[in-house]
Amino acid sequence: MSDLRVRFAPSPTGYLHIGGARTALFNYLLARQQQGIFVLRIEDTDVERSTQESVDAILNAMEWLGLSCDEGPFYQSDNFDHYKQKVQQLLDEGKAYRCYCTPEELEAKREAAMKEGRKPKYDGTCRNRNDQPEQPYVVRFKLPEGREEVAFDDQIKGRISFKTEELDDLIIQRTDGTPTYNFVVVVDDAEMGMTLVIRGDDHVNNTPRQILLYEALGYPVPQFAHVPMILGSDKKRLSKRHGATSVMAYQEMGYLPEAMVNYLVRLGWSHGDEEIFSMDDLIEKFSLANVGRAAGVFNPEKLLWLNSHYIKTGDPQRLADLLKPFLAEKGINTETGPDLVAVVKSLQERAATMVEMADGAEFYYRDPVHYDEKAREKFLTADKASIFETIADQLEACSEFAEESLEAAFAVVMEKTELKFGKIAQPLRVALTGGTASPSIYEVLQVLGKESALKRINQALNSLS
RNA sequence: GUCCCUAUCGUCUAGCCUGGCCCAGGACACCGGCCUUUCACGCCGGCGACGGGGGUUCGAAUCCCCCUGGGGACGCCA
């Protein structure tokens with residue numbers, strides 16, 4: 001048991017997206033590897049935008065990915081009183097002050113500063129006023145004076161430093177009395193005993209202000225590790241227009257959680273030339289030292305490839321269980337018909353997603369067979385009657401549908417019809433599956449079973465034209 | 001605009017810290033071939049990168065500087 005304590009701190013204003021999931025994963029991996037503690041904290045200080053639906057969505061996604069936390073979820077909205085106390089503490093110590101500037105005034109100042117090419121930071125208007133008018137106010141943290149720079153050693157990016165003059169007096173409490181992100185994140189990370197804060201790259205600029213806040217509040221400063229952003233194919237920040245960004249959307253599209261985990265971790269992290277990692281591998285091998293420093297582009301094709309890999313190598317029984325809901329959605333009942341596990345085995349090498357597998361499995365359960373029009377026109381023609389009759393005869397005589405006996409049966413069919421296997425297989429495939437693409441004929445025959453196969457051949461015989 | 005970060009194939013990356021083993025390796029995608037009862041799988045092969053310019057050095061993808069490109073931040077969002 002190490003003393004490592006990390007956390008994932010999403011704000012519940014939407015679903016868990018790809019980027020958040022990766023951050024959560026990195027945290028989880030490190031905690032498990034070092035037998036530290038992984039805390040989940042919901043950052044819902046923005047009461048307006050936070051929803052319970054989002055909390056549930058995030059929790060679901062984490063569970064799906066297998067990222068269990070050791071403590072939490074904690075909700076910041078449960079601690080407003082405490083934050084208020086802390087703000088008061090800074091006020092009492094003269095480290096914070098009331099600011100009466102209105103949002104409109106501030107906006108105007110920002111624009112003016114931008115226009116003049118200055119950094120748009122607060123000008124300190126209310127910093128030294130002594131009166132306390134009966135007006136709405138926010139509380140600002142007073143930047144400590146006489147300090148030139150704030151620096152920290154990022155565990156991923158190395159040393160990062162800022163000139164204090166780039167910073168300004170940030171708002172830590174809103175007009176309505178609720179605390180802001182930069183304040184609560186410090187209070188909570190400190191009081192929850194975080195030793196390492198792993199978060200998105202977009203927080204680098206917040207870090208120096210937060211460090212100052214840690215110091216002002218008398219807290220120890222944790223270590224930081226800023227993970228690079230994930231971009232879309234156009235190198236812009238990943239968003240809906242790049243396709244699905246919600247983790248759970250991938251589950252719905254038939255992706256396996258282990259594929260998502262494997263993909264996510266390899267986006268930005270590597271371990272030599274290895275590509276395939278189980279969660280256990282990752283817990284053993286993951287390291288912040290091998291996380292890249294530049295933003296990465298989300299590549300759906302590689303995710304797909306990993307997914308097909310995990311489907312190919314996955315346990316058929318488990319895949320069968322996962323497949324059921326996808327089949328049910330198509331109105332297919334698997335209680336009657338071929339053994340689902342056998343069906344899955346025949347499709348594992350052919351499906352890249354569970355949705356594809358469900359599509360491929362459909363014909364096994366559709367009775368009578370629904371023919372693809374083009375396939376029917378091409379292969380279910382009147383001249384095929386004798387072929388089907390011969391096949392039916394031989395199959396009828398086949399005591400068991402095993403690879404060997406089927407081969408023997410078809411050897412006879414080929415001999416009697418004087419046709420090569422290919423000429424026989426394709427019409428039969430259409431008869432059995434309704435289409436021209438399917439698992440191998442022998443496999444289909446075995447999975448379907450004698451009775452069903454014969455029934456389908458008869459249906460074809462009656463459908464010839 | 002200002003500040004922070006960053007820079008190897010189209011993409012994810014190995015190599016960079018500890019220069020020579022790298023006329024740069026792997027993976028996805030793409031192209032060609034093989035296998036084959038269809039579709040896939042698989043196998044074999046191909047295409048394809050050290051952003052530019054200066055240094056340092058006998059020697060630089062690796063070290064230093066500048067430029068350029070990309071990302072992020074600049075909210076009473078997180």
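For clarity, every value in this text was computed on a predicted model and none was experimentally measured. Chain identifiers are assigned alphabetically (A, B, ...) following the order of the sequence lines, protein sequences preceding nucleic acid strands; residue numbering begins at 1 within each chain.
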Legend entry - First of A:Asp46 and A:Glu275 reached from the 5' end of RNA chain B, by closest nucleotide: A:Glu275

Inset, instruction - With syn defined as a glycosidic angle within 90° of 0 and anti as everything else, classify B:C41. - result: syn

Inset, instruction - Find which nucleotide of RNA chain B each of A:Tyr263 and A:Ala351 is nearest to by heavy atoms, and output the residue with the more 5' nucleotide. - result: A:Tyr263

Legend entry - Interatomic distance where NZ belongs to A:Lys121 and C1' belongs to B:G1 [whole Å]: 15 Å

Inset, instruction - Have a look at A:Ser233 and say if it touches a base, only the backbone sugar-phosphate, or nothing, with a 4.0 Å heavy-atom cut-off. - result: nothing

Legend entry - Any A:Ser270 side-chain nitrogen or oxygen under 4.0 Å from OP1 or OP2 of B:A14: yes

Legend entry - Note: A:Glu145-A:Arg127 ion pair, threshold 4.0 Å (strictly below): yes

Inset, instruction - Quick one: label A:Gly360 by what it contacts on the DNA or RNA (base, sugar-phosphate, nothing), any heavy atom closer than 4.0 Å. - result: nothing

Legend entry - Charged N-O contact under 4.0 Å between A:Lys416 and A:Asp393: no

Inset, instruction - Quickly work out the A:Ile171 CD1 to B:C74 P distance and round it to whole Å. - result: 13 Å

Inset, instruction - Quick one: label A:His203 by what it contacts on the DNA or RNA (base, sugar-phosphate, nothing), any heavy atom closer than 4.0 Å. - result: base

Legend entry - From B:G1, B:G72, B:C5, nucleotide with atom closest to A:Met114 side chain: B:G1

Legend entry - Complementary nucleotide of B:A7, counting Watson-Crick and G-U pairs under 3.5 Å: B:U68

Legend entry - Nearest-neighbour nucleotide for the A:Ile441 side chain, B:U37, B:A29, B:G72 considered: B:U37

Legend entry - Euclidean distance for C1', B:C58 against B:G15 (whole angstrom): 23 Å

Inset, instruction - For nucleotides B:C22 and B:A14, find the distance between their C1' atoms and express it as a whole number of Å. - result: 11 Å

Legend entry - Parallel, tilted or perpendicular, as decided by the 30° and 60° cut-offs, for the rings of A:Tyr250 and A:Phe298: perpendicular

Legend entry - Gap in Å between the two C1' atoms, one belonging to B:C31 and one to B:G59, rounded: 38 Å

Legend entry - Nucleotide forming a Watson-Crick or wobble pair with B:U57, both distances under 3.5 Å: none

Legend entry - Polar pair under 3.5 Å, donor/acceptor by atom type, side chain A:Asp201, base B:G72: no

Inset, instruction - May I ask you to say what A:Thr433 touches in the nucleic acid, namely base, sugar-phosphate or nothing, with a heavy-atom cut-off under 4.0 Å? - result: nothing

Inset, instruction - Decide if atom CD of A:Glu404 counts as having more than 12 heavy atoms of other residues, nucleotides or ligands within a radius under 6.0 Å. - result: no

Inset, instruction - Please state the C1' separation for the pair B:C9 and B:G48 - nearest whole angstrom. - result: 5 Å

Legend entry - Under-4.0 Å side-chain N/O to phosphate OP1/OP2 contact, A:Arg293 with B:U13: no

Legend entry - Per A:Arg350 side chain, nearest of listed nucleotides B:G26, B:C76, B:A40: B:A40

Legend entry - Complementary nucleotide of B:C43, counting Watson-Crick and G-U pairs under 3.5 Å: B:G33

Inset, instruction - Write down the distance separating the P atoms in B:U11 and B:G71, rounded off to the nearest Å. - result: 13 Å

Legend entry - Assigned partner base of B:C50, Watson-Crick or wobble definition, under 3.5 Å: none

Legend entry - A:Arg22 side chain vs A:Leu267 backbone, donor-acceptor pair below 3.5 Å: yes

Inset, instruction - Would you classify A:Asp154 as touching base, sugar-phosphate or nothing, given that sugar-phosphate means primed atoms plus P, OP1 and OP2, and contacts are heavy atoms under 4.0 Å? - result: nothing

Legend entry - B:G71 phosphate, OP1 or OP2, under 4.0 Å from A:Lys236 side-chain N/O: yes

Legend entry - Base B:C76 paired with A:Thr175 side chain (donor-acceptor, <3.5 Å): yes

Inset, instruction - Figure out the CG/P separation between A:Asp359 and B:C39, and round it to whole Å. - result: 18 Å

Legend entry - Residue A:Val297, side-chain heavy atoms: nucleotide from B:A78, B:U11, B:C4 that is nearest: B:U11

Inset, instruction - Measure from NE2 on A:His226 to P on B:C4 and round the result to the nearest Å. - result: 15 Å

Inset, instruction - For nucleotides B:G70 and B:C30, find the distance between their C1' atoms and express it as a whole number of Å. - result: 25 Å

Legend entry - Phosphate OP1/OP2 of B:U11 contacted by A:Lys235 side-chain N/O (<4.0 Å): yes

Legend entry - A:Ser440 side chain near B:U38 phosphate (N/O to OP1/OP2, under 4.0 Å): no

Inset, instruction - Would you mind telling me which of B:A78, B:U38, B:G71 lies closest to the side-chain atoms of A:Ala295? - result: B:G71

Legend entry - Side chain of A:Arg429 (C-beta onward), nearest among B:A40, B:U37, B:U6: B:U37

Inset, instruction - Would you kindly give the CG-to-C1' distance between A:Asp202 and B:A78, to the nearest whole Å? - result: 9 Å

Inset, instruction - For A:Phe421, report the nucleic acid contact type (base, sugar-phosphate, nothing); a contact means any heavy atom under 4.0 Å. - result: base

Inset, instruction - Using a strict 4.0 Å threshold on nitrogen-to-oxygen distance, state whether A:Arg140 and A:Asp168 make a salt bridge. - result: no

Legend entry - Selected nucleotide, minimal atom distance to A:Lys312 side chain, candidates B:U6, B:G42, B:C28: B:G42

Inset, instruction - Report which part of the nucleic acid A:Pro228 touches: base, sugar-phosphate, or nothing (heavy-atom distance under 4.0 Å, all strands). - result: nothing

Legend entry - Pairwise P distance for B:G25 and B:G33, with rounding to whole Å: 25 Å

Inset, instruction - Quick one: look up who B:G1 pairs with, Watson-Crick or G-U, both distances under 3.5 Å, and put none if it's unpaired. - result: B:C74

Legend entry - Spacing of the C1' atoms in B:G55 and B:A60 (rounded, Å): 12 Å

Legend entry - Ionic contact status for A:Asp188 with A:Arg7, cut-off 4.0 Å: no

Inset, instruction - May I ask you to say what A:Leu267 touches in the nucleic acid, namely base, sugar-phosphate or nothing, with a heavy-atom cut-off under 4.0 Å? - result: sugar-phosphate

Legend entry - Side chain of A:Trp305 (C-beta onward), nearest among B:G72, B:G10, B:A27: B:A27

Inset, instruction - Starting from C1' on B:C4, measure out to CD on A:Glu149 and report it in whole angstrom. - result: 13 Å

Inset, instruction - Using both distances under 3.5 Å as the test, list the Watson-Crick or G-U wobble partner of B:C23, or none. - result: none

Inset, instruction - Report the distance from atom CD of A:Gln155 to atom C1' of B:C5, rounded to the nearest whole Å. - result: 16 Å

Legend entry - A:Lys119, nearest nucleotide to its side chain (from B:G10, B:U2, B:U13): B:U2

Inset, instruction - Give a yes or no answer on whether the side chain of A:Glu105 reaches the backbone of A:Thr102 with a donor-acceptor pair at less than 3.5 Å. - result: yes

Legend entry - A:Ile211 CD1 to B:C4 C1', straight-line distance once rounded to whole Å: 13 Å

Legend entry - Per A:Glu349 side chain, nearest of listed nucleotides B:A27, B:A78, B:A40: B:A40

Legend entry - Phosphate contact (B:A27 OP1 or OP2) by A:Arg266 side-chain N/O below 4.0 Å: no

Legend entry - Cationic N near anionic O, under 4.0 Å, A:Glu377 to A:Lys374: no

Inset, instruction - Using a strict cut-off of less than 4.0 Å between a Lys/Arg side-chain nitrogen and an Asp/Glu carboxylate oxygen, indicate whether A:Lys302 and A:Glu275 qualify as a salt bridge. - result: yes

Inset, instruction - May I ask you to say what A:Arg237 touches in the nucleic acid, namely base, sugar-phosphate or nothing, with a heavy-atom cut-off under 4.0 Å? - result: sugar-phosphate

